[in-house]
Amino acid sequence: MIPPPPPPADAAVTVAFAVRRRGAGGGAPQAPGHAGGGPLRLLALPGTGLAAVVQSLPAAGFTEEALRSRLADAGELESCARAHHAVVTAAAAHGPVVPLPLATLFTGDGSAAAALAVQEARFLAALDRVTGRAEWSVKVYVGQDAAAGGGGPGPGGGGGGGAAYLERVRGRERERQARQEAVGQVVRRVHETAAAFAVAAVRRTPHGPAVTGRERRQVLNGAYLVEEGRAADLAAAVRALAGPHDGFAVHVDVSGPWVPYSFTGEPAAGPVDGTREPAL
């Protein structure tokens, strides 16, 4: 197959970062965007009251092959993600926005405006959902002993015959199950406490030791959509649940406010039963 010719040197593509209501928050956000691109600007979506935050980029650097290569490079991917997030955050500082996925690219402004305008109903529903609210993150960690089990003599320790050995094995398994149940109860209590202050909540898959370290295990990775003015109460309530619990330590981290990425896709689950992955 003959590869397509490279785009002209002056050709440009349009990258879209977020959608917001037209006229809200003044002009384009003050952020650099992706390196080598033009200034950020607002692109009106025809037939709607919405505008997209966009940037023009040299098309030569964003062909299918070039983009695949850039996103396969960990350093380049991180740089693109940081630039994208910085633009979304700057836009959200002046009013609610619906963040768009990383590398939302179009061949030009016309195709961008047409493709985004047909999603008006989804964007308006998401903007209504997050107006006056922000996303807060609650993460719960337990010590390695509580999460991994263990302790006591090994299978060959403790003396005694075969019956004593089997009883030790069964005893360790009962202890492990009891610890896991206790951890699960703490997770449910923290999640339900946080969700009581939120209008919606989701529970993501907890991060593994590559992110959290081996000294402690993450057992709750929750996001909560919270009305302005209720965040301090949420933080105080969940932090009060930290500390020793039946022989293991519980650590609670609360952070925010964040752009509500977790709540601008499909409608999120309700405050207590939100256990699915967020739509991003």
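Residues passing the salt bridge (charged side-chain N to carboxylate O under 4.0 Å, His left out) test with Glu64 are Arg68, sequence neighbours excluded.
Within the 4.5 Å cutoff, the side chain of Glu120 has heavy atoms near those of the Leu50 side chain. Pro96 places a side-chain heavy atom less than 4.5 Å from the side chain of Thr131. By the 4.5 Å heavy-atom criterion applied to side chains, Thr14 and Leu105 are not counted as neighbours. By the 4.5 Å heavy-atom criterion applied to side chains, Leu102 and His85 are not counted as neighbours. In this structure, Lys139 and Leu220 have side chains that are not in contact, with every pair of non-hydrogen atoms separated by 4.5 Å or more. Contact check for Leu225 versus Ser262: no side-chain heavy atoms found under the 4.5 Å cut-off. Residues Asn221 and Arg203 are not in side-chain contact: their nearest non-hydrogen atoms beyond the backbone lie 4.5 Å or more apart. At a threshold of 4.5 Å between non-hydrogen side-chain atoms, the residues Ser56 and Val13 do not count as touching.
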For this session: Start with the C-alpha distance between Arg204 and Glu135, add both sets of side-chain angles, then the distance that settles salt bridge (Lys or Arg N to Asp or Glu O under 4.0 Å), and finish with yes or no.
Result: CA-CA 14 Å; Arg204 305 186 187 95; Glu135 181 169 329; 3.0 Å; yes
For this session: Kindly indicate, with the supporting measurements, whether the criterion side chain to side chain contact (heavy atoms under 4.5 Å, CB included) is fulfilled by Trp136 and Ser255.
Result: CA-CA 6 Å; Trp136 285 79; Ser255 62; 5.8 Å; no
Exercise. Passes side chain to side chain contact (heavy atoms under 4.5 Å, CB included), Val53 versus Val19? Steps please.
Worked result: CA-CA 6 Å; Val53 179; Val19 172; over 6 Å; no
Exercise. How far apart are the C-alpha atoms of Val97 and Val88, what are their side-chain angles, what is the distance that settles it, and do they pass the side chain to side chain contact (heavy atoms under 4.5 Å, CB included) test?
Worked result: CA-CA 8 Å; Val97 300; Val88 173; 4.3 Å; yes
Exercise. Could you walk me through whether Leu40 and Val54 pass the side chain to side chain contact (heavy atoms under 4.5 Å, CB included) check?
Worked result: CA-CA 6 Å; Leu40 297 179; Val54 302; over 6 Å; no
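Both Val142 and Val254 are members of a single hydrophobic cluster when ILVMFWY side chains are connected at heavy-atom separations under 4.5 Å. Neither Val259 nor Phe123 shares a network with the other; the hydrophobic side chains, linked directly or stepwise wherever heavy atoms of I, L, V, M, F, W or Y lie under 4.5 Å apart, form separate groups for each. Hydrophobic cluster membership differs between Tyr261 and Val98, with clusters built from Ile, Leu, Val, Met, Phe, Trp and Tyr side chains linked at under 4.5 angstrom. When hydrophobic clusters are built by joining Ile, Leu, Val, Met, Phe, Trp and Tyr residues whose side-chain heavy atoms come closer than 4.5 Å, directly or via intermediates, Val190 is grouped together with Leu234. With hydrophobic clusters built from ILVMFWY side chains whose heavy atoms lie under 4.5 angstrom apart, Leu127 does not share a cluster with Leu42.
Remark: the backbone N or O of Gly243 is not paired with any side-chain donor or acceptor of His251 at under 3.5 angstrom. One N or O on the side chain of Arg129 and one on the backbone of Phe263 form a donor-acceptor pair closer than 3.5 Å. Side chain of Thr193 to backbone of Arg189: a donor-acceptor contact under 3.5 angstrom is found. Side-chain atoms of Arg22 come within 3.5 Å of backbone atoms of Thr48 as a donor-acceptor pair (strictly under, hydrogens ignored). Within the 3.5 Å criterion, the main-chain N or O of Glu65 finds no donor-acceptor partner in the side chain of Ser69. Here the side chain of Ser111 pairs a donor or acceptor atom with the backbone of Gly108 at under 3.5 angstrom. Of the possible polar contacts, none joining the Thr89 side chain to the Ala86 backbone as a donor-acceptor pair under 3.5 Å is found. A donor-acceptor distance shorter than 3.5 angstrom exists from the side chain of Gln55 to the backbone of Gly38, with no hydrogens or angles considered.
Within a 6.0 Å radius of CZ in Arg41, more than 12 heavy atoms belonging to other residues, nucleotides or ligands are found. Dense packing is recorded around CD of Glu76, with more than 12 heavy atoms of other residues, nucleotides or ligands lying under 6.0 Å away.
In terms of heavy-atom proximity, Asp109 sits nearest to Leu43 at O-CD2, 3.7 Å. Residues Pro46 and Ala117 share a closest heavy-atom pair of O-CB, 3.7 Å. Nearest heavy-atom pair, Ala66 versus Ala60, reported as atom, atom and distance to 0.1 Å: CB-O, 4.1 Å. What you find for His84 and Ala16 is that their closest heavy atoms are CE1-O, 4.1 Å. Minimum interatomic distance between Gly36 and Pro58 (heavy atoms only, all atoms of both residues): O-CD, 3.5 Å. When all heavy atoms are compared, the tightest approach of Pro99 to Ala18 is CA-CB, 4.2 Å.
Taken from CG in Leu116 to CG in Leu100, the straight-line distance is 6.0 Å, to the nearest 0.5 Å.
The aromatic ring centres of His34 and Phe17 sit less than 6.0 Å apart.
Because its NZ or CZ atom is not both nearer than 6.0 Å to the ring centre of Phe197 and within 45° of the ring axis, Arg230 does not count as a cation-pi partner of that residue.
The closest side-chain donor-acceptor pair between Tyr141 and His207, if any, does not fall under 3.5 angstrom. No side-chain N or O of Gln185 forms a donor-acceptor pair with one of Arg188 less than 3.5 Å apart.
Comment: Arg239 does not engage Asp253 in a salt bridge, judged by the lack of any side-chain N to carboxylate O separation of less than 4.0 angstrom.
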